[in-house]
Amino acid sequence: MTTVSDAVPVDMHGALPAPRERFWYPYLLIAPSMITLTVVSLIPFIYTVYLSLHAAKFGRVTEFIGVDNYIQLLTDGRFWNSIGIALVFVGIAVPIEFMLGLAGALVLNQQIRGRSILIPLLFMPTMMAPIVVGLLWKIMLAGSWGFISYNVLERFHLIGQTSVFASPDLALYALIFVDIWQWTPFMMLAFFAGLQALPLGPYRAAAVDGANGVQIFFNITLPMLTPLLVVIGLLRFIDAFKVFDTVFVLTGGGPGIATETPSILANKMTFEFWNIGEASALAVLVWIAFFAFCNIFYQVAKKRLNAF
Amino acid sequence: MSDVSNTKGTTGGLIWTGTVVAYAAVVLFPIFWMALMMFMPNDAMFARPTVWTFTPTLAHFEYVIEQGFYWNLVTSFLLCLVSTALVVVIGTPAAYAFARFEMKLKDDLFLFILATRMAPPVCLVIPFYFIFAKVGLLDTFAGLTLAYMTFNLSFYVWVLRSFCRDLPVELEEAAALEGWSRAQIFRRVVFPLLRNGIVATAVLCFIFAWNEFLFAFMLGGETVQTLPVSIPKLITSQGVRWGEMAVVGITALLPVLTAVFILQRHIVRGLTLGAVKG
């Protein structure tokens, strides 16, 4: 664990002075990547916009209908339900992951032995396939025989012999719990990397002044760590909105529409109802929201962390 | 390692180590339980109260092998290998160019790459499905390889650029003064220094492809069926085959476990898209 990006001034990475190459040389180097990304990203986006402006039910694109699909979507209670669910999901999961991650990072930053073994192990929930995460919790929280269902939830009379994922009131919170399990390690280890990169000088000064642990945390650690906390929090916030795989395996958006996030709804609209026009309209709106998010992330990371 | 620690002496260190180990044990318990389930006979699996001792069985493994799940394993492995190799070949020059040269619209192009990485997969799967259906790429190896480029090529270029920026530019300047060509400089100076970064980023790409579900499920599924996609197949009309699911789940986990030990501190840099240098 070494440095945070701002350790090296950006100017050192400027253009090479070597004058002999032709001006198109860098464009030649990026061309294969940019062409591929255009094919796999820009063209699909434009095609989605095209679909969203056409009547396209059951996979057959018929006539141009302007913004009708958007109007239909925005007056659809199910769309707003999905937005609400995403907001609850992100609004609860991300702050908890953030706090647990920060606390865990501070613990990891103590004199821990065997870090090189513990850290990769701790990373497992984040690195494993989300579909396997879903499977894991389907097993642990299965109705009646699931390990946690039986040993924890039933024992404390939280639920009967059913799975939490079948309960309209609890399913969303169970999914939030799974997300916290999956992503807290990411927050913890990212914050830990940040802590390791902090300069020692201020801590020595504080030790000379006889500051206590709490003072040191709030007056030195937290201010120095803030840019990193903001950037990582933002990144996680953006990612949490995309949640699909775990929800797909665990509840499929149900019971009813109790856990139907925008991703699940878009998928259902496309591959269950074959309402392609409206699904595309939803995809376009989500896409635009993500462009905005992405731009904010880029600007903040660039300015505050001096990264990129 | 700049340890900023309030703990003095080994006793405190042991307490903190114990805390972390206990935390890891609790958090990783579900994985351990799933590993046990691979050998659990069904009656032990569904027992209430939970039983800890049972006669191990290999029945779940037998079923999984009978059903030809190794084909899913081979498919997954080949798909990840081919798509990652393509990403490395196509993406390395771009990452280097973005780190070293001034270009018109560089910031915009770069943001386009980030936007591609961050786009929700479900938004991409809709147009992909209909475009692929038209051009006959649905349920083909080539189609999935192409679809995986969206998240992996953008990721690779973005993160490898941050590794490129870490290289001291002076070496390249010195080589340029010696009259080396750009290609020579890249091959003899840049590449040897960048090798670790390339390997780390490529391993992450491999894992992302290995873990991918939505594209593989919607754009593949029959002829090209990856390991994650085969898991829902175990929900049969005779009920859910939990033990078999555990076998497939743990199999899917093994490459990831290997990778996290290889990658170590590079994981943080990768997952934060280079914002934090682990």
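Here is how names work: the chains are called A, B, and so on, in the same order as the sequence lines, proteins then strands, and each is numbered from 1.
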Let me know if [X] has heavy atoms under 4.5 Å from chain B in its side chain, its backbone, both or neither.
X	result
A/I139	both
A/T184	side chain
A/T270	side chain
A/M140	side chain
A/M187	neither
A/F248	side chain

Atom [atom1] in [X], atom [atom2] in [Y]: separation rounded to 0.5 Å?
X	Y	atom1	atom2	result
B/F112	A/L37	CZ	CG	5.5 Å
B/I126	A/L282	CD1	CG	7.0 Å
A/Y50	B/F130	OH	CZ	12.5 Å
B/L153	A/T36	CG	OG1	5.5 Å
A/I30	B/F110	CD1	CZ	11.0 Å

Would you indicate whether the side-chain heavy atoms of [Y] and [X] approach each other to under 4.5 Å?
X	Y	result
B/V20	A/L122	yes
A/W137	B/P30	yes
A/V249	B/F213	no
A/F241	B/P120	no
B/I231	A/V132	yes
B/R182	A/Y25	yes
A/L29	B/F98	no
B/I267	A/F186	no

Minimum heavy-atom distance [X]-[Y], with the two atoms named:
X	Y	value
B/L271	A/M127	CD1-SD, 4.0 Å
B/I131	A/P44	CD1-CA, 4.3 Å
B/M118	A/F290	O-CD2, 3.6 Å
B/V276	A/G194	CG1-N, 4.4 Å
A/S33	B/A94	OG-CB, 3.3 Å
A/M124	B/I31	CB-CD1, 4.3 Å

Which atoms of [X] come close to chain A, meaning under 4.5 Å heavy atom to heavy atom: side chain ones, backbone ones, both, or neither?
X	value
B/K104	both
B/V27	both
B/S154	both
B/A252	side chain
B/V122	side chain
B/L227	neither

[X] (side chain) donor-acceptor with [Y] (main chain) under 3.5 angstrom:
X	Y	result
B/W16	A/L108	no
A/Y298	B/D107	no
B/T17	A/R113	yes

Counting heavy-atom pairs closer than 4.5 Å to chain B, which one of [options] comes out on top?
options	result
A/T126, A/D245, A/L42, A/D239	A/D245
A/T48, A/L235, A/V107, A/L135	A/L135
A/P120, A/A129, A/A283	A/P120
A/F45, A/F244, A/Y27	A/Y27
A/A190, A/P32, A/S116	A/S116

- Query: With A/F123, which of B/L263, B/V256, B/V268 fulfils side-chain contact (heavy atoms from CB on, under 4.5 Å)?
  - Reply: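 That would be B/V268.
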With chain A, which of [options] has the greatest number of heavy-atom pairs at distances under 4.5 Å?
options	result
B/I207, B/V125, B/L214	B/L214
B/F208, B/W210, B/Y129, B/Y156	B/Y129
B/C123, B/A97, B/A246	B/C123

- Going through the distances and angles, do A/L136 and B/W33 end up as a side chain to side chain contact (heavy atoms under 4.5 Å, CB included)? CA-CA 9 Å; A/L136 210 58; B/W33 190 253; over 6 Å; no
- Message: Restricting to side-chain contact (heavy atoms from CB on, under 4.5 Å), what partner residues turn up for A/L121, sequence neighbours left out?
- Response: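 Residues passing side-chain contact (heavy atoms from CB on, under 4.5 Å) with A/L121: A/I117, B/L28, B/L257, B/F261.
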